[in-house]
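Presented below is the structure to which this report refers.
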Amino acid sequence: MPSQPVTFTVQTPLPCGPVDVTVTDVGVARLSFFGDRERAVTGSADGAGDPRVARVRQALADYFAGRTRGLDLPVDWRHTSGPQREVLRTLHAQVGFGETVTYGGLARRSGAFEDHPEPAMVPRTVGTIMGSNPVPLVVPCHRVVASNGLGGFTGGLAIKQWLLTLEGVLAPTLDWSPAD
């Protein structure tokens, strides 16, 4: 019998602070940059002793400390479908640590829009898919950029810039600080 999904808060060095993560028996199902501040402050031990939680906590700690080049975590894709799933799976599988791809480039790689009636709208559609990504960081939508700059980011540009700096894509500014 499958166990229940568990939602827990992980402290991060990101400009937004802690993130909320939901894991199922399949993998990470949700990650939110705007975690439950009350749970984060009270240090709730939800998920304590659960190996799924321990794996995610360790993977995030290693990533933010620079001990690993990405998050090798299983994803629960059940909350995605159609072109969204195709594009996110392509991003997850093909765009690694320290790499970027444009919205249009990701659309081409995924093959999800080959017959799209308005090709000029495809990069915008991919941007919308990035904004609906249920598991940012794990499926690294921060690595998807506009053809003329950073583009947007649901968590805010400060988070995208921080992550791209951590991965060596952007040069650090004087006020940038990696994980302690």
Rounded to the nearest 0.5 angstrom, the CG-OG distance for Asp20 and Ser32 is 6.0 Å

Between Ser3 and Asp25, does any side-chain donor sit less than 3.5 Å from a side-chain acceptor? yes

Pair Val135, Val21 - check side chain to side chain contact (heavy atoms under 4.5 Å, CB included), show working. CA-CA 8 Å; Val135 285; Val21 181; over 6 Å; no

List in chain and number order the residues that pass salt bridge (Lys or Arg N to Asp or Glu O under 4.0 Å) with Arg78, two or more places apart in sequence or in another chain; answer none if no residue qualifies. Asp76

For Leu88 and Pro134, which heavy atoms make the closest approach, and how far apart are they? CD1-CD, 4.0 Å

For Asp72, salt bridge (Lys or Arg N to Asp or Glu O under 4.0 Å) partners two or more places apart: none

For Cys16 and Phe33, the nearest pair of non-hydrogen atoms, with its separation, is SG-O, 3.4 Å

Show me the side-chain donor-acceptor pairs of residues 123-131 shorter than 3.5 Å, one per line, residues at least two apart or across chains.
unit_1: Thr125; atom_1: OG1; unit_2: Met121; atom_2: O; d: 3.1
unit_1: Thr128; atom_1: OG1; unit_2: Arg124; atom_2: O; d: 3.2

For Arg67, which residues count as a salt bridge (Lys or Arg N to Asp or Glu O under 4.0 Å) partner, sequence neighbours excluded? Asp62

Approximate separation, where rounding is to 0.5 Å, of Leu14 CG and Leu163 CG: 5.5 Å

Atom CG of Leu170 and atom CG of Leu150: how far apart are they, to the nearest 0.5 Å? 6.0 Å

So which atom in Pro172 and which in Thr165 form the shortest heavy-atom distance, rounded to 0.1 Å? CA-CG2, 3.6 Å

Test item: His142 and Ile159 side chains (from C-beta on) under 4.5 Å apart, heavy atoms: no

Search all heavy atoms of Leu157 against all heavy atoms of Gly151 and return the closest pair with its distance. CD2-O, 3.1 Å

Nearest 0.5 Å, what's the CG-CZ distance between Leu73 and Arg52? 13.0 Å

Correct closest heavy-atom pair for Thr9 and Pro18 would be CG2-CB, 3.5 Å

Answer whether the closest heavy-atom distance between the side chains of Val23 and Val56 falls below 4.5 Å. yes

Output side-chain donor-acceptor pairs under 3.5 Å for residues 91-105, partner residues at least two apart or in another chain, one line each.
unit_1: Glu99; atom_1: OE2; unit_2: Gly96; atom_2: N; d: 3.4
unit_1: Thr102; atom_1: OG1; unit_2: Gly105; atom_2: N; d: 2.9
unit_1: Tyr103; atom_1: OH; unit_2: Gly152; atom_2: N; d: 3.4

Look at the side chain of Asp50 and the backbone N and O of Val6, then say whether any donor-acceptor pair between them is shorter than 3.5 Å. no

Any chance you could measure Phe153, atom CZ, to Gln161, atom CD, to the nearest 0.5 Å? 11.0 Å

Side-chain donor-acceptor pair under 3.5 Å between Ser110 and Thr90, yes or no? no

Is there a donor-acceptor contact under 3.5 Å from the side chain of Arg85 to the main chain of Thr80? yes

Tell me whether Lys160 contacts the main-chain N or O of Val144 through its side chain, where contact means a donor paired with an acceptor under 3.5 Å. yes

Sequence neighbours left out, what passes salt bridge (Lys or Arg N to Asp or Glu O under 4.0 Å) with Glu167? Give chain and number order. Arg143

Got a donor-acceptor contact below 3.5 angstrom from the Thr22 side chain to the Arg30 backbone? no

Distance check, rounded to the nearest 0.5 Å: Leu71 atom CG versus Tyr63 atom OH? 6.5 Å

